[in-house]
Number of protein chains: 4
Amino acid sequence: MPGATPTARAATRRGEATRDRLLRAVRDVVADVGYPHATTRAIAEAAGVAEGTIYRHYPDKATLFLAAVADANRPVLAAMADLPGRAGTGTVAGNLTEALGQLAQLRQQMVPLELAMLTDPDLAAQRARLHAEASAGAGPSAAGLPDPPGLLADYLAAEQAHGRVRADLAVGPAAVTILAALLGLALAPGTDPSSATVDPGVLAHLVDGNIRSCGC
Amino acid sequence: MPGATPTARAATRRGEATRDRLLRAVRDVVADVGYPHATTRAIAEAAGVAEGTIYRHYPDKATLFLAAVADANRPVLAAMADLPGRAGTGTVAGNLTEALGQLAQLRQQMVPLELAMLTDPDLAAQRARLHAEASAGAGPSAAGLPDPPGLLADYLAAEQAHGRVRADLAVGPAAVTILAALLGLALAPGTDPSSATVDPGVLAHLVDGNIRSCGC
Amino acid sequence: MPGATPTARAATRRGEATRDRLLRAVRDVVADVGYPHATTRAIAEAAGVAEGTIYRHYPDKATLFLAAVADANRPVLAAMADLPGRAGTGTVAGNLTEALGQLAQLRQQMVPLELAMLTDPDLAAQRARLHAEASAGAGPSAAGLPDPPGLLADYLAAEQAHGRVRADLAVGPAAVTILAALLGLALAPGTDPSSATVDPGVLAHLVDGNIRSCGC
Amino acid sequence: MPGATPTARAATRRGEATRDRLLRAVRDVVADVGYPHATTRAIAEAAGVAEGTIYRHYPDKATLFLAAVADANRPVLAAMADLPGRAGTGTVAGNLTEALGQLAQLRQQMVPLELAMLTDPDLAAQRARLHAEASAGAGPSAAGLPDPPGLLADYLAAEQAHGRVRADLAVGPAAVTILAALLGLALAPGTDPSSATVDPGVLAHLVDGNIRSCGC
DNA sequence: AATGAATGAGGTTTCATTCAT
DNA sequence: CATGAATGAAACCTCATTCAT
C-alpha cells in the first residue's frame with residue numbers, strides 16, 4: 001500500500017485544493033468588485049493560479065460561477081434544515097430568531113453571488129437547466145429539493161399543530177414574506193455591508209409581526 | 001412670443017426626444033438581457049439611433065445608466081409622496097395596500113436597474129458622488145432628500161398620532177422592513193416577472209402583520 | 001451707397017471673420033494639445049463656432065490645416081524676402097542675426113504646424129499636390145516660388161560678390177545648414193517653448209561659425 | 001544546470017521575441033504611415049500577431065511607443081559614448097565626421113518616433129514621468145544620464161585641452177548647435193528619406209565651420 | 001451663414017477561451 | 001496538473017463628416 005499511486009493521489013489532492021481556492025476566489029472577487037468586473041483574470045489572480053488553470057477544472061466561466069453559488073449555498077441550507085425538527089421545543093420566537101439570524105449572516109456572504117444570478121439571465125437559465133437535470137437524475141420522486149421557504153413553512157405548520165402559532169396564519173405566504181424581507185434587508189441601501197448581521201430590532205419586528213399568536 | 005426662438009426650441013426638442021428614447025431603451029434592454037449584457041450597441045439599437053449618438057447626450061455609459069435610474073425613480077417617489085397626507089383618512093390598511101401596491105408595480109419596472117447599481121460598485125460610487133454634489137449644490141439645509149422609507153415612516157407616525165396604529169410600533173424599523181420585504185419579493189426566485197403585481201395575499205399579510213393595531 | 005446690398009456684404013465680412021478665427025484656432029489648438037488631438041470639435045470650440053460651420057468654409061479637415069499652414073507661413077517668408085536687398089549694407093553678421101532672430105521667433109509659432117506636416121504623410125502629399133497645381137496655374141515660368149533657403153543663399157552669394165563673405169563658402173549647403181539648425185533648435189528637447197527666441201549665444205555661434213570671412 | 005528551468009526560459013523566450021517584433025513593428029509602421037495613422041491594428045499586423053497580444057506585453061499604446069523609442073535610442077547613445085575617449089587620437093575633423101555620420105544614419109531611423117514625441121504632449125509627459133522615476137530609482141547621485149549633447153561637449157572640451165580646438169569655442173552651445181542642425185537636416189523638406197545619410201558636403205561644412213581651429 | 005444632432009467607420013482596450021510548453 | 005502567451009470577437013468610445021432646421 002505505501003507508495004501506491006502516490007502521484008495520482010497527490011495530484012487529486014492538489015486538484016481539489018485548487019478547486020477550493022477557485023471557488024473562494026469567485027466569492028471574494030465578486031464581493032469585492034462586483035459581478036460585471038469579476039473577470040477570469042481577476043479570479044485566477046485571487047486564487048493564485050494561472051488563468052488557464054481555470055479551464056482544467058471547469059469547462060467555462062458560467063460553470064465555475066454556478067459551482068461557487070452551490071458551494072456558498074450549502075451552509076445556508078444546513079442552517080435551515082434543523083428548524084422543522086425544533087417545533088415544540090424552546091419558544092417560537094427564540095427558534096425563529098436564531099435560525100433567521102444565522103441565515104442573515106450566511107446570506108450576507110452569498111448575496112453578491114445571488115445578485116449575479118439575478119442580473120444575468122444566461123446564468124439563471126443554465127442554473128435552471130442544471131437543477132432540472134439533477135432532479136431528473138435523482139429519480140422522479142426527488143422532485144422537491146429542500147429549499148429555505150419550504151423548510152420555514154414546514155416549521156410554521158408544525159408549530160401551528162402544536163398550537164403555538166395562530167391557526168389562521170397562511171404559512172406559505174408568511175414564509176415567503178419573511179425570507180423576502182431578509183433578502184431585501186441585505187440589499188437595502190444604507191445597509192452597512194461590513195456588519196454581517198441584521199439589526200436585532202428589525203429582526204425582532206420581523207419575527208414578532210409575522211407569527212405572533214393573537215394573545216398579543 | 002410664439003415663434004420667438006423656434007429653431008433653438010426645435011433643436012432642443014429633437015435632442016430631448018432622443019434622450020427619452022435612450023432612457024427607455026436602457027430600461028428595456030436591462031430588463032431584457034440583464035445589466036451585464038446591456039451593451040451600448042444593444043441600447044442604441046433599441047433606441048433606434050446610432051451608437052455614437054449616445055455620446056452626444058451622455059458623456060459615458062455610466063452617466064447614461066444613472067440618468068435612466070433617476071428617471072425610473074421619479075414615479076416611485078411620486079407614488080409615496082402622497083401617503084403622509086392621507087393619514088387619518090380612509091383606513092390604515094386601505095391606504096397602505098394601495099400605496100404599496102402601486103409601489104410594487106413601479107418597483108417591478110425598476111428592479112433590474114436597481115440591481116445594476118447593487119452589482120456594480122463603480123456605478124454605485126458614481127451615483128453617490130452625484131448625490132453628494134446635488135445635496136451640496138442645493139445648500140447645506142437640503143441634506144435629506146425625501147426617500148420611500150422616510151415617507152412611509154412619516155405616515156406611520158402620523159397614524160400613531162391619530163391612534164390608528166398601535167403606539168409601541170417602532171415606525172423606522174417597520175418602514176424599512178416593509179419596503180425591504182417588497183424589494184425581496186420582487187427579487188424572489190419563482191416570482192413571475194411578467195405579472196407586474198405582488199400576490200395580494202402576501203401583500204395583505206405584509207400590511208396586516210406589521211401595523212395591526214392590537215384589536216387583532 | 002448706404003444700404004447697398006448690406007446683407008450680402010455683411011455676410012461676406014462675417015464669413016471672412018469666421019475663416020480667420022478658424023485658422024487661428026487651428027494654430028492654437030495644435031500648439032496646445034498637439035496635432036493628433038487637434039480634433040474638429042476642439043478647433044470649432046476654440047474658434048467659437050459650431051462644428052458644422054467648418055465645412056461651410058473648407059471642404060475637409062486637411063484643407064483647413066493646409067490653409068492654416070499657408071497663413072502661418074506668410075510672415076516667415078516676408079521676414080526673409082527683405083534679406084537679399086540688404087547685401088552690402090550694415091554688417092553681414094548684423095543682417096543675418098536680425099533676419100534669423102525674426103525667423104526663429106516666427107518659426108516658433110508655426111513649428112507645431114510644420115511638425116504636423118512631417119508626421120502625417122497624407123497631409124504632406126495633399127500639400128505637394130496643391131503646390132504643384134499652384135505652380136502649374138501660374139504658368140511654366142513660375143516654377144520656383146521663393147523659399148527661405150533660396151533667399152538666404154541668394155543673400156550669401158550677393159555678399160560674396162561684395163567680398164564680405166569668404167569666397168570658398170558653398171552658399172547652398174551653408175543656407176540649408178543654418179536653417180536646419182534653426183529648426184532643430186526649435187525642436188530640441190529642453191527648449192523652453194514659452195521663450196519665443198533662440199539663445200543669443202547660440203545664434204551668434206551659428207552666424208559666426210558659418211559665414212566668417214577668414215580674417216577670424 | 002542546463003535545462004534547469006527549461007519551461008520558464010522557453011516561455012520567456014517566446015515573449016521576448018514577440019516584444020521585439022512589436023518594437024520593430026512600431027518603428028516600421030510609424031516610419032511608413034506616420035504617427036497619427038500608426039494604429040494598434042496596423043502595428044499588430046506588421047508584427048504578425050493579434051491585436052490583443054499587444055496588451056499582454058504593454059499596458060497601453062503609449063507605453064509600447066515609449067518602449068520603442070527607448071529601444072531605438074540605445075544605438076544612438078552607443079554611437080556617441082565612444083567619442084570622448086577618442087580625444088587626442090586621429091584628427092578632430094575625422095573623429096567628428098565619423099561620429100556625426102553614424103549618428104545621422106541612426107537618427108534617420110528614429111526621427112519619426114522622435115517626431116511622435118514632439119507632436120503628442122501626452123506621450124512627452126508620460127516619457128518625462130518615466131525618466132523622472134528612473135532617475136529617482138537610480139538614487140540621487142545618478143541625476144544626469146549621458147545624452148548626446150553632453151557627450152559631444154565633453155569631447156570638444158577634451159580636444160580644447162589638447163589644443164586641437166580653438167580655446168575660445170563655447171563647447172556647450174557648439175554641441176547643441178551641431179546636433180540641432182543634424183536633427184533639422186533630417187527633417188528638412190527635400191531631404192530624400194530613402195538616402196539614410198546626410199549630404200557629405202553639408203556634414204563637412206557643419207564640422208568645419210564649428211570647430212575649426214583658427215589656422216583656417 | 002450657422003447650428004448642433006446624427007451618423008457609422010474605426011480606434012483602443014478587455015476578456016473568455018485555446019494551445020504550446 | 002499547471003502555466004502564460006496568443007487569439008479574435010466584442011466592448012466602449014471618438015471623430016470627421018452630413019443633414020435638418
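Protein chains get the first letters and strands the later ones, always in sequence-line order, with residue 1 at the start of each.
Judged by closest nucleotide on DNA chain E, C:Ala50 is the one of D:Thr39 and C:Ala50 placed further toward the 5' end. Across the interface with DNA chain F, nearest-nucleotide mapping of D:Thr53 and C:Lys61 shows D:Thr53 to be the residue nearer the 5′ end. Along DNA chain F, the nucleotide closest to D:Gly52 and the one closest to B:Ala62 are compared, and the more 5′ of them pairs with D:Gly52. Position along DNA chain E of the nearest nucleotide to B:Val49 versus D:Pro59 favours B:Val49 as the more 5'-ward residue.
In this structure, D:Arg41 places its CZ atom 11 Å from C1' of E:dT12, rounding to the nearest Å. One interatomic measurement links the two molecules: CD of C:Glu45 to P of F:dC15, which rounds to 12 Å at whole-angstrom precision. In this structure, OH of D:Tyr35 is placed 12 Å from C1' of E:dT12, rounded to the nearest angstrom. One interatomic measurement links the two molecules: CD of B:Glu51 to P of E:dG11, which rounds to 15 Å at whole-angstrom precision. Protein atom CD1 of D:Ile43 is 11 Å distant from nucleotide atom P of E:dG11, rounded to whole Å. If you take CG of D:Leu22 and C1' of E:dT13, they are 15 Å apart, rounded to a whole angstrom. The CD1 atom of B:Ile54 sits 17 Å away from the P atom of F:dC15 (whole-angstrom rounding). Following rounding to the nearest Å, C:Arg21 (CZ) and E:dA1 (P) show an atom-to-atom distance of 15 Å.
The side chain of B:Tyr55 lies closest to F:dC13 when the candidates are F:dT3, F:dC13, E:dA6. Among the nucleotides E:dT7, E:dT13, E:dG11, the one closest to the side chain of D:Asp60 is E:dT13. Closest to the side chain of A:Arg56, from the set E:dT3, F:dT3, F:dA16, is F:dT3.
Applying the 6.0 Å contact sphere to CZ of D:Arg24 captures no more than 12 heavy atoms from other residues, nucleotides or ligands.
In terms of heavy atoms, A:Val29 sits closest to A:Ile43 at CG2-CA, 4.1 Å. Nearest heavy atom pair, residue B:Glu114 against residue B:Val69, reads OE2-CG1, 4.3 Å. Summarising the geometry of A:Ala46 relative to A:Ala25, their closest heavy-atom pair is CB-CB, 3.9 Å, with the distance given to 0.1 Å. Closest non-hydrogen pair, A:Ala72 versus A:Leu113, comes out as CB-CD1, 4.2 Å.
Counting any heavy atom pair closer than 4.0 Å across all strands shown, D:His37 reaches no nucleic acid atom. When heavy atoms are screened at a 4.0 angstrom cut-off, A:Thr40 is found touching base atoms of the nucleic acid.
A 4.5 Å side-chain heavy-atom check between D:Tyr35 and C:Leu115 finds every atom pair outside the cut-off. Contact of the C:His37 side chain with the C:Asp32 side chain is not registered, since no non-hydrogen atoms from C-beta on lie closer than 4.5 Å.
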| In dot-bracket notation, what is the pairing pattern of DNA chain E, taking Watson-Crick (N1-N3 plus N6-O4 or O6-N4) and G-U wobble (N1-O2 and O6-N3) contacts under 3.5 Å, with [ ] crossing and | for other strands? | .||||||||||||||||||||
